[in-house]
Protein chains: 2
Amino acid sequence: MAQQPDTVTRILDTAEVLFAERGFAETSLRNITSKAKVNLAAVNYHFGSKKALIQAVFARYLDPFTVRFHASLDELEADYAGRVIPLEALLETMARSVLEVPAERNSLKVFMRLLGLAYSQAQGHLRRYIQEEYGSVFTRFTELVRLATPELPDAERFWRLHFMLGTVIFTLSGLDALRDIAEKDYGEHVSVRDLVRRLRPVVVAAMNAPLPDPSPVRREAS
Amino acid sequence: MAQQPDTVTRILDTAEVLFAERGFAETSLRNITSKAKVNLAAVNYHFGSKKALIQAVFARYLDPFTVRFHASLDELEADYAGRVIPLEALLETMARSVLEVPAERNSLKVFMRLLGLAYSQAQGHLRRYIQEEYGSVFTRFTELVRLATPELPDAERFWRLHFMLGTVIFTLSGLDALRDIAEKDYGEHVSVRDLVRRLRPVVVAAMNAPLPDPSPVRREAS
DNA sequence: TGTCATTGGAAACAATTGTTTGAATATGCC
DNA sequence: GGCATATTCAAACAATTGTTTCCAATGACA
């Protein structure tokens, strides 16, 4: 019989699933500890508080992600040896990095749900934590995107990147619900890789869309 | 001195703001009633339960929205008199309907935040309620989109519509945070209308993106 | 004016929350 | 073995939650 993982791991494994399913506020420590078969006090003993547990759940995904993503960007920059990295390659690399990390634990869905929650749930401490802890890798990425899309005004690129962030997080974090509808309506089962395949041309087209009409000039300015 | 709106209205006005700011579970009835200056029991008296209050908050936005959106689609169909309505016109109409409704209460932000929460928060009852109560108008809209984009496979259109739903909800519901960043980085203040202007070409380009590569064939199928 | 249904309000309810305590147990090290 | 440290455990804690109860105030209608 396989040995049970230690208490800390059991808590994290259970917590991430419950958090992803129902959100942070809706998941009680008793929920977690009873399902993980550990004592209630174990959470506060090992993590200190519920907040700290939430951050630890994120760290277990984001730490390996940032390491890999940085490494992949290093490779990419080496490959292109100073030349501009095309947008498609950047997006491809990001997608690969996102897909790789949770593959070890077979829980991309959880990963994406957590990202979605980090944005939508109140939990101000979480956004701050993520920004401070993992902001640098995103800064690096957006700078590379800037070089790849020199014709885009800075503000326009900023917004389009966030548009696409919304697309991806929204879709993948609500995947279960959407998959149910899609399966009912079109019969076909949709895998995550399938979805990423469908996302690629959409994201590229969105980033390369023509510029919007200039904002209308105020009346008083003639 | 202007007469205070009645209890029911005060509760709804306060609840929608607090819900939008912090989510449903994180907003207690005491939070709402104290800020609205009504008695705690008033919520259960007038609405029956917290769940019912949440649904009532949504109904106050979605009821007028569906009415207007149906009406706008009626006009549009009349204008085109049986001919196919182009995608741009459909998107334009939808955007206009969304913008019109909360303009009365000057709270598009709240409307969008609520929509975002409806998707991301657990609250299974909410999704079910919205689907049952307001599903028909979306069915009508997607059917018109189908006619406007005959070259798209059904599944592909389904997914792209949800991609764009994600873009819009994610962007507009996280608007405050994003606006802060954008203003800090680019100095310019961004209005909602500005954002809609920027969204238009992106959404159109995304819907018209080339089809993805066909999904790779499984090994055993030669 | 008196009656009755509606609304407002203070208090209490039972349940659940995150956290802490202090003793019991296990573990590692000399 | 024996000590010290680390972990587990049951119990209790104080705070907060949604909901209910019971009574007072209100206002419409006869």
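Please read all numbers here as calculations on a predicted model, not as lab measurements. A, B, ... follow the sequence lines: proteins, then strands. Residue 1 opens every chain. Side chains included, hydrogens not; waters and symmetry mates left out as well; all remaining heavy atoms used.
- Listed nucleotides: D/dT20, C/dT21, D/dA6. Nearest to the side chain of B/Ala41: D/dT20.
- Here C/dG9 is the nucleotide among C/dG9, D/dT7, D/dT19 with the atom lying nearest to any side-chain atom of B/Asn39.
- Rounded to whole angstrom, the span from the CZ atom of B/Phe47 across to the P atom of D/dT20 amounts to 16 Å.
- With rounding to whole Å, A/Glu26 atom CD is found 11 Å from C/dT17 atom P.
- Rounded to an integer number of Å, the gap from CG of B/Asn44 to C1' of D/dT19 is 5 Å.
- Counting to the nearest Å, the P atom of C/dT16 and the NZ atom of A/Lys50 are 15 Å from each other.
- The nearest whole Å value for the distance from the CG atom in B/Leu29 to the C1' atom in D/dT16 is 12 Å.
- Taking the six-membered ring for Trp, A/Phe69 and A/Phe141 have ring centres closer than 6.0 Å.
- Within 4.0 Å of A/Thr27, counting heavy atoms only, lie sugar-phosphate atoms of the nucleic acid but no base atom.
- The side chain of A/Ser28 places no N or O atom within less than 4.0 Å of a non-bridging phosphate oxygen (OP1 or OP2) of C/dT16.
- Between A/Arg113 and A/Glu21 no salt bridge is recorded (no basic side-chain N to carboxylate O distance below 4.0 Å).
- Applying the side-chain contact (heavy atoms from CB on, under 4.5 Å) criterion to A/Ser34, with sequence neighbours excluded, gives no partner residue.
- Between A/Glu16 and A/Arg60, at least one side-chain N (NZ, or NE/NH1/NH2) sits under 4.0 Å from a carboxylate O, which counts as a salt bridge.
- At D/dT8, one or more side-chain N or O atoms of A/His46 fall inside 4.0 Å of OP1 or OP2 (strictly under the cut-off).
- Closest approach of B/Arg160 to B/Ala209, counting heavy atoms only: NH1-O, 2.8 Å.
- Nucleotide D/dC13 holds its C1' atom 11 Å from the CZ atom of A/Arg30, rounded to whole Å.
- Distance OH (A/Tyr45) to C1' (D/dT5): 9 Å, rounded to an integer number of Å.
- Rounded to whole Å, the distance from CG on A/Leu40 to P on D/dA14 is 17 Å.
- The shortest distance between the side-chain N/O atoms of A/Thr7 and the OP1/OP2 oxygens of D/dT8 is below 4.0 Å.
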